[in-house]
Amino acid sequence: MKTNIIAILLVVLLFSCKNKGETKQTPVQKEIITHTIHALNANEIPRGEATIAIVGATLIDGTGAPPVENSLVIIQNDTIDFVGKVDEQEIQDDAVVIDAKGKTLLPGLIDAHFHGGENAEMSTLFLKKGVTSVRDPGAWNASYNSARNSGKPIPRLFLTGPHIDVYPPAYPENSYLIQDAKEGRIAVNRFADEGATAIKAYFRLSTEMIAAICDEAHKRGIPVTAHLEITHAVDAIKAGLDGVEHVTSFGTALLPLEEAEIYKNTVMADNAARRSGRYEVWNKLDMDNNPLADTLIQLLVKRKTFVSPTLAVFERQSDRGDSVAVNGFKNMLKFVGKAHKAGAKVVVGSHTWVPYSDTGDAFYREMELLHEAGLSTMQTIVAATLENARFFRIDSRLGSIEKGKIADLILLRENPLENLEAMKTVEQVILNGVLCEF
C-alpha cells in the first residue's frame, strides 16, 4: 500500500514539474495595438503640389534645439524635404521662393483644447493666427460640419466626440451618458468607429468607469484625456489617463479628504458651484509647502501624463475677481510651474474663449501664462508644437520642422525668442504644403 502511495506521489510531482517547465518556455504574449491617428478632415485639406523654398529665416524647429540663422527650408508637395542653412542646398529653378530674411519660421501651432465647432469662423481665424491643428475635447463631430463645408481653410481637426459623463450631465448638448463601465467601453468603440482621435472622460465618472474607458481606448490605439475636478486625480491617473485637462482638475487631490468631499458633494448637487468653488479650493492651498502636490506631481512625471492646464480661461486679475479668485489663480500658476520644473509634460490648450485676450488670441495668452508659470520661451514654443504633437500621438508626422514631416509651418514677422508677443505677428501660414489664403 505504501509503495502505491509513493508511486502516485512521484507521478504527480513529475507532472507538476513538467507543467512548470512548459509554462516558463511559453510566456503569454501581450497583444500590441498600433493605430495611426489622423485628423477627421485629413482628406479634405488641399495637398501641396509645388516646390517651396523658404530662404533666410531664423528657424525655430519646435524640438527645443537652438535657432538656426539664415536658414533654408524646402518643401516638396506636402512634405518637408530639406532643413538647413542657405548655403547647404541648391534651390531648383521652378521653386516658389519666399524671401524670409529678418523673419522667423516655426512649425504650425497645435491647440490641445479648442472649442469652436458651433462657430464656423473661429476655426479659420485660429488657422490665420498660426494654429494648424486643434483638438476639441468634448463636441459631437457634426458640430464642425459648417466649418468643414464653408469652403474656407481650417486647421486639422482632431476630435474626441462628446464628453463621456453620467447623469446629471454638466453640459447636456455635448455629453454622452453612461451608467456603468461596460457602457463606457461601448462608448469608446462607437466614437473610435466615427473617427475619434482621443476620448474625453468627464468629471462625474467613477474611477472604475475611467479605468474601463482607458483600457478600451488603448486597445483601439487612442489616448484618453479627462476633466476631473471632483474625481480624485491620483486615482484617475493610476486608472490609465494619458492626459488631464484644466489645472482645476487637480484641486481636490491637493485638499484634506474632508474638505475635498465637501466640495465634491456641493458640485454634485449644483454644477454651477464650481464657478466660485474652484477658486475657493485653490485659495486655501499652500503651494510652497504641500506634500500632496509633491506626490501628485511625482505621479504625473512617473506616468508621463500630459497636462493641458488651460490657465487662460481661469485667469483672474483684480479688475475681474475678488482676492480669493486672484490668489486662487496665483496658486494655479505655481502648481503648473512646480509640475513643469519636476518634469511633467505641459502643453498648450487655449480653451478658445478666455477673459484676458482678444477674440482669436487665446492660444497666445495661454503661452504667455505658461511662460509666467516658469517655462522658458523656448520651452513654451515646444509646448505649443512638438509636445502637443506627442500628446496627440502624431509627432512622427507633425509638430516640428524636420525632413520627412508634413509641411505645416508659420512665418512670423518678429522673433518670439526675443519677445513672446511676437507670436502675434504671423504673416504666412502653410498647411499641408499649401500657402493659405484668407
Side-chain angles (χ1 to χ4, degrees), residues 39-55 57 60 62 73 75 77-80 95-136 139 143-159 348 350-354 357-367 381 384-385 388 398-399 401 406-416 420-438:
L40 192 66
N41 61 333
N43 294 330
E44 302 163 12
I45 299 172
R47 178 177 179 269
E49 297 180 346
T51 300
I52 300 175
I54 306 170
V55 183
I60 302 173
V73 173
I75 299 167
N77 300 324
D78 62 346
T79 304
I80 299 170
V96 176
V97 177
I98 298 175
D99 182 358
K101 292 176 183 176
K103 299 178 182 180
T104 306
L105 187 66
L106 276 77
L109 305 175
I110 301 175
D111 190 346
H113 202 111
F114 177 78
H115 292 306
E118 298 300 329
N119 185 326
E121 299 297 324
M122 189 58 66
S123 296
T124 297
L125 178 58
F126 263 58
L127 180 61
K128 187 176 182 179
K129 299 281 186 174
V131 180
T132 55
S133 293
V134 301
R135 176 194 280 162
D136 189 327
S143 68
Y144 281 86
N145 285 351
S146 57
R148 294 170 68 182
N149 295 326
S150 68
K152 298 177 181 178
I154 62 172
R156 300 178 188 275
L157 300 175
F158 294 88
L159 307 182
V348 180
S350 73
H351 208 277
T352 308
W353 313 93
V354 302
S357 81
D358 294 334
T359 301
D361 288 351
F363 192 93
Y364 304 148
R365 185 57 188 155
E366 185 69 11
M367 291 182 73
I381 292 171
T385 53
N388 247 338
L398 293 161
I401 300 177
I406 297 172
D408 287 4
L409 306 94
I410 59 174
L411 191 62
L412 278 59
R413 187 170 60 255
E414 299 174 13
N415 188 341
L420 203 52
E421 281 277 323
M423 291 303 304
K424 298 178 181 179
T425 66
V426 175
E427 285 193 342
Q428 287 182 302
V429 177
I430 297 175
L431 180 67
N432 215 32
V434 177
L435 284 164
C436 293
E437 297 182 3
F438 300 101

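Being a predicted model, the structure only gives us computed values, none of them experimental.
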(message) Run the side chain to side chain contact (heavy atoms under 4.5 Å, CB included) test on Met423 and Leu106 for me, step by step, so that the C-alpha distance in whole Å, both residues' side-chain angles and the decisive distance to 0.1 Å come before the verdict.
(response) CA-CA 10 Å; Met423 291 303 304; Leu106 276 77; 4.1 Å; yes
(request) Show your working on side chain to side chain contact (heavy atoms under 4.5 Å, CB included) between Val429 and Lys128 and close with a plain yes or no. (result) CA-CA 7 Å; Val429 177; Lys128 187 176 182 179; 5.9 Å; no
(request) Please report the C-alpha distance between Phe114 and Met122 in whole Å, then the side-chain angles of each, then the deciding distance to 0.1 Å, and finally whether the side chain to side chain contact (heavy atoms under 4.5 Å, CB included) criterion is met. (result) CA-CA 10 Å; Phe114 177 78; Met122 189 58 66; 3.9 Å; yes
(message) Determine whether Val426 and Lys129 satisfy the following criterion, side chain to side chain contact (heavy atoms under 4.5 Å, CB included), listing intermediate values before the conclusion.
(response) CA-CA 6 Å; Val426 175; Lys129 299 281 186 174; 5.7 Å; no
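With rounding to the nearest 0.5 Å, the separation of CD in Glu44 from CG in Leu157 is 8.0 Å. Between the CE atom in Met367 and the OG atom in Ser350 there is a gap of 12.0 Å [rounded to 0.5 Å]. Rounding to the nearest 0.5 Å gives a distance of 8.0 Å between CD1 of Ile54 and CD of Gln428. Note that CG of Leu435 and CD1 of Ile430 are 4.5 Å apart. Values are rounded to the nearest 0.5 Å. A distance of 11.0 Å separates OG in Ser143 from CG in Asn119, rounded to the nearest 0.5 Å. In this structure, CG on Leu398 lies 4.5 Å from CD1 on Ile406, to the nearest 0.5 angstrom.
For the pair His115 and Thr352, the tightest heavy-atom approach, listed with the atom from each and the gap, is N-OG1, 2.7 Å. Between Ile60 and Pro107, the shortest heavy-atom distance links the atoms O-CD, 3.2 Å. The shortest heavy-atom contact between Asn388 and Ala112 is OD1-CB, 3.3 Å. Scanning all heavy atoms of the two residues, the minimum distance from Ala57 to Leu411 falls at CB-CD1, 4.3 Å. Between Val348 and Glu366 the shortest heavy-atom distance is CG1-CG, 3.8 Å. What you find for Ile154 and Leu431 is that their closest heavy atoms are O-CD2, 3.4 Å.
Val55 has its side chain within reach of Val97: a pair of non-hydrogen atoms, C-beta onward, lies under 4.5 Å apart. Contact check for Phe158 versus Leu40: no side-chain heavy atoms found under the 4.5 Å cut-off. Between Asn77 and Arg47 there is a side-chain heavy-atom pair separated by less than 4.5 Å. Side-chain contact between Pro416 and Ile381: present, with at least one pair of heavy atoms (C-beta onward) separated by less than 4.5 Å.
Although no hydrogens or angles enter the test, the distance criterion places a donor-acceptor pair under 3.5 Å between the side chain of Thr425 and the main chain of Ala422. In this structure, Asp99 contributes its side chain and Lys101 its backbone to a donor-acceptor pair below 3.5 Å.
Between Phe363 and Phe126, the gap from one ring centroid to the other reaches at least 6.0 Å.
Glu118 pairs by the salt bridge (Lys or Arg N to Asp or Glu O under 4.0 Å) definition with nothing, not counting sequence neighbours. Take Arg156 and apply the salt bridge (Lys or Arg N to Asp or Glu O under 4.0 Å) test, not counting sequence neighbours, and it matches Asp408.
Checked options Leu409, Leu127, Leu109; the residue passing with Thr132 is Leu127 (criterion: side-chain contact (heavy atoms from CB on, under 4.5 Å)).
A salt bridge does not link Glu414 with Lys103: every distance from a Lys NZ or Arg NE/NH1/NH2 to an Asp or Glu carboxylate oxygen is 4.0 Å or more. Remark: Arg135 does not engage Asp111 in a salt bridge, criterion side-chain N to carboxylate O under 4.0 Å.
Between the side chains of Tyr144 and Asp136, a donor-acceptor pair is found at a separation under 3.5 Å.
By the neighbour-count criterion of 12 heavy atoms within 6.0 Å, atom CG of Asn43 is sparsely surrounded, having that number or fewer from other residues, nucleotides or ligands. At most 12 heavy atoms of other shown residues, nucleotides or ligands fall within 6.0 angstrom of atom NZ in Lys152.
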